[in-house]
Protein chains: 2
Amino acid sequence: MSAQRKETVAITTPHVPVDEDIGEIRDIVGFHIRLAHGAVYRHFTETFAELDLTQKQVAALWLVADHPGIAQIGVAQRMRMDRATTMAIVNRLEAKGYLARSKSHSDGRKQELNLTRAGRRTLATAKRAIRQHEQWLKSRFTEKEVAKLVELLTRIHQ
Amino acid sequence: MSAQRKETVAITTPHVPVDEDIGEIRDIVGFHIRLAHGAVYRHFTETFAELDLTQKQVAALWLVADHPGIAQIGVAQRMRMDRATTMAIVNRLEAKGYLARSKSHSDGRKQELNLTRAGRRTLATAKRAIRQHEQWLKSRFTEKEVAKLVELLTRIHQ
DNA sequence: GGTCATTGTAAGTTATACTAACAATTACAT
DNA sequence: ATGTAATTGTTAGTATAACTTACAATGACC
């Protein structure tokens with residue numbers, strides 16, 4: 001559907017230049033980060049359409065898999081989200097049956113998060129989709145450029 | 001308030017390491033883009049708290065200023081948004097009194113967008129805030145690195 | 001023991017992004 | 001030139017995400 005739409009645009013509106021003038025905004029780094037994020041987000045959504053998972057949901061699932069028994073606050077800190085936003089995401093993953101909460105016995109305030117069997121199965125599928133998605137993203141760079149990009153981006157998010 | 005909160009965190013939870021282990025996800029480029037975008041978005045929101053404008057709203061305002069009489073579809077294409085999303089943003093900017101719609105006489109389907117006097121005044125203020133925000137973002141890079149980052153990001157969003 | 005911090009939770013707000021449908025207008029093919 | 005298709009704006013509805021505020025339960029610490 002996306003390829004079809006793109007083709008339609010190319011056929012019916014050849015007079016619209018690909019590199020439209022965006023004016024002074026071209027020199028704003030933050031604008032490029034937002035455009036790049038948007039492009040990645042859109043491709044991710046297409047890749048995960050059948051799986052019905054968002055970036056955040058996959059990231060949270062993956063984090064819990066890598067840190068069994070992690071508390072919600074732990075997920076929040078690693079993903080740079082606040083508690084309320086984390087709640088919403090964990091709620092959705094719980095509703096889908098991919099992870100389960102259980103009271104921590106070391107700290108009564110916390111809930112331990114763990115994947116269910118379905119969660120592990122889905123994450124395995126998701127990781128294959130991520131590999132595809134990453135391939136699409138990395139295909140335009142050399143290995144060295146990928147490393148450089150990650151290094152630069154890391155300096156932004158600490 | 002942000003500095004205060006950061007300080008509080010540093011004082012009350014020194015046992016939480018800054019570089020928490022995020023596991024395998026560390027190697028996913030898309031994850032770094034999302035984290036970087038989130039960090040930039042958060043700083044932008046703080047910088048523009050008094051102005052009560054979002055990234056998208058400023059970008060749209062700026063685009064209209066650089067392209068007087070541009071149609072909504074033109075804004076959408078340049079910002080990689082669909083028509084409905086553009087509508088919402090233009091509606092908000094119109095409600096704030098920063099831009100005005102007027103029927104195009106060359107194409108009856110289109111609306112010409114132009115800044116109001118208040119819109120021009122606000123954009124001027126916004127540009128000063130953007131300069132601050134960009135300074136914060138660029139401060140961690142050399143000029144060469146900024147150019148490289150923009151070049152790499154541009155390859156992602158075309 | 002009392003005070004303060006942490007954690008999870010609920011409720012409500014805002015912004016964004018998408019789809020689907022519709023009306024008005026324009027473009028185009030035969 | 002007429003009928004069909006495409007474009008543009010618009011509305012309505014849905015979903016996600018991020019935020020605030022408030023509250024309860026629990027833990028940390030003097």
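Lettering follows sequence order; numbering is per chain, from 1. Just so you know, these numbers use all the heavy atoms, side chains as well, and skip hydrogens, waters and symmetry mates.
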K.L.:
Please tell me if the side chains of A:Glu134 and A:Leu137 come closer than 4.5 Å, counting only heavy atoms from C-beta onward.
P.N.:
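Side chain of A:Glu134 against side chain of A:Leu137, heavy atoms only: contact under 4.5 Å found.
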K.L.:
Looking at every heavy atom in both B:Leu61 and B:Gly119, which two are closest together, and how far apart are they?
P.N.:
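Heavy-atom minimum between the residues: CD2-O, 4.2 Å.
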K.L.:
Which of residues 97-105 of chain A have a heavy atom under 4.0 Å from DNA chain C?
P.N.:
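Going residue by residue through residues 97-105 of chain A, the ones with a heavy atom under 4.0 Å of DNA chain C turn out to be A:Arg101.
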K.L.:
Quick one: list whatever passes side-chain hydrogen bond (donor to acceptor under 3.5 Å, both in side chains) with B:Arg26, sequence neighbours left out.
P.N.:
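B:Arg26 satisfies side-chain hydrogen bond (donor to acceptor under 3.5 Å, both in side chains) with B:Asp21 once adjacent residues are dropped.
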K.L.:
Go nucleotide by nucleotide along DNA chain D from the 5' end; which of B:Ile73 and A:Asp107 gets its closest nucleotide reached first?
P.N.:
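Final value for this comparison: B:Ile73.
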K.L.:
According to side-chain hydrogen bond (donor to acceptor under 3.5 Å, both in side chains), who are the partners of B:Thr116, at least two apart in sequence or on a separate chain?
P.N.:
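Here no residue qualifies.
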K.L.:
Decide whether B:Arg92 and B:Gln57 meet the rule of one side-chain donor and one side-chain acceptor closer than 3.5 Å.
P.N.:
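There is no such pair (donor and acceptor under 3.5 Å, judged by atom type) between the side chains of B:Arg92 and B:Gln57.
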K.L.:
Of the non-hydrogen atoms in B:Arg34 and A:Ala59, which two are nearest, and what is the gap between them?
P.N.:
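Reported closest heavy-atom pair: NH2-CB, 3.5 Å.
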K.L.:
Let me know the distance between CD of A:Glu46 and C1' of C:dC18, rounded to the nearest Å.
P.N.:
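Atom CD in A:Glu46 sits about 12 Å away from atom C1' in C:dC18.
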K.L.:
Within less than 4.0 Å of OP1 or OP2 of C:dT9, is there a side-chain N or O belonging to A:Gln72?
P.N.:
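Answer is yes, contact under 4.0 Å.
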K.L.:
Taking only residues two or more places apart in sequence, or in another chain, which ones meet B:Ser106 in a side chain to side chain contact (heavy atoms under 4.5 Å, CB included)?
P.N.:
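Expected list: B:Ser104.
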K.L.:
To the nearest 0.5 angstrom, please state how far the NE2 atom of B:His37 sits from the NE2 atom of A:His37.
P.N.:
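Result: 5.0 Å between the selected atoms.
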K.L.:
The criterion is salt bridge (charged side-chain N to carboxylate O under 4.0 Å, His left out); which residues satisfy it with A:Asp107, sequence neighbours excluded?
P.N.:
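Per chain and number, A:Asp107 pairs via salt bridge (charged side-chain N to carboxylate O under 4.0 Å, His left out) with A:Arg109.
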K.L.:
Got a sec, which pairs hit salt bridge (Lys or Arg N to Asp or Glu O under 4.0 Å) with one end in residues 47-73 of chain B, sequence neighbours left out?
P.N.:
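Counting only pairs at least two positions apart or across chains, the salt bridge (Lys or Arg N to Asp or Glu O under 4.0 Å) contacts touching residues 47-73 of chain B are B:Asp52-B:Lys96.
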K.L.:
Where does the angle between the aromatic ring planes of B:His43 and B:Trp136 fall among parallel (under 30°), tilted (30 to 60°) and perpendicular (over 60°)?
P.N.:
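Because their plane-to-plane angle is under 30°, the rings of B:His43 and B:Trp136 count as parallel.
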K.L.:
Let's see if you get this right: which residues in residues 81-92 of chain A place a heavy atom under 4.0 Å from DNA chain D?
P.N.:
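When residues 81-92 of chain A is checked for heavy atoms under 4.0 Å from DNA chain D, the hits, listed by number, are A:Met81, A:Asp82, A:Ala84, A:Thr85, A:Ile89, A:Arg92.
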K.L.:
Given C:dT25, C:dT7, C:dC18, which nucleotide is nearest the side-chain atoms of A:Arg42?
P.N.:
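Looking only at side-chain atoms, A:Arg42 lies closest to C:dC18.
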K.L.:
Only one of A:Thr125, A:Ile130, A:Thr54 forms a side chain to side chain contact (heavy atoms under 4.5 Å, CB included) with A:Phe48, so which one is it?
P.N.:
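Exactly one option meets the side chain to side chain contact (heavy atoms under 4.5 Å, CB included) with A:Phe48, and it is A:Ile130.
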K.L.:
Can you give me the bend angle of the helix from C:dG1-D:dC30 to C:dT30-D:dA1? Use the axis through the first five pairs and the one through the last five, nearest 10 degrees.
P.N.:
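Axis-to-axis angle, ends of the helix: 30°.
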K.L.:
Can you tell me the distance, in whole Å, between the CD atom of A:Gln111 and the P atom of D:dA25?
P.N.:
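Whole-Å distance recorded here is 14 Å.
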K.L.:
Can you give me the closest heavy-atom contact between B:Asp27 and A:Lys138, atom names plus distance?
P.N.:
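In terms of heavy atoms, the two residues are closest at O-NZ, 4.3 Å.
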K.L.:
Enumerate the residues from residues 30-38 of chain B whose closest heavy atom to DNA chain D is under 4.0 Å, giving them by residue number; use none for an empty result.
P.N.:
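Those residues: none at all.
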K.L.:
OH of B:Tyr41 versus C1' of C:dA15: gap in Å, rounded?
P.N.:
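For the pair B:Tyr41 OH and C:dA15 C1', the rounded distance is 6 Å.
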K.L.:
Taking the basic N atoms (NZ, or NE/NH1/NH2) and the acidic carboxylate oxygens, is any pair closer than 4.0 Å for B:Lys148 and B:Glu151?
P.N.:
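Yes, B:Lys148 and B:Glu151 are salt-bridged.
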K.L.:
Between B:Arg80 (CZ) and C:dC18 (P), how many Å, whole number?
P.N.:
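To the nearest whole Å, that distance equals 13 Å.
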K.L.:
Which residues satisfy the side chain to side chain contact (heavy atoms under 4.5 Å, CB included) test with A:Ala147, sequence neighbours excluded?
P.N.:
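Once residues adjacent in sequence are excluded, A:Ala147 has no partner under the side chain to side chain contact (heavy atoms under 4.5 Å, CB included) criterion.
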K.L.:
In whole Å, I'd like the distance from the CD atom of A:Gln77 to the C1' atom of C:dT7.
P.N.:
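After rounding, the gap between these two atoms is 11 Å.
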K.L.:
Which residues pass the side-chain hydrogen bond (donor to acceptor under 3.5 Å, both in side chains) test with A:Asn114, sequence neighbours left out?
P.N.:
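Per chain and number, A:Asn114 pairs via side-chain hydrogen bond (donor to acceptor under 3.5 Å, both in side chains) with no residue.
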K.L.:
Identify, residue by residue, the members of residues 50-69 of chain A with a heavy atom below 4.0 Å from DNA chain D, and return them in order of residue number, or none.
P.N.:
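Close to the strand are A:Thr54, A:Lys56, A:Gln57.
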K.L.:
Expressed as a whole number of angstroms, how long is the span from B:Arg109:CZ to C:dT25:P?
P.N.:
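Whole-Å distance recorded here is 11 Å.
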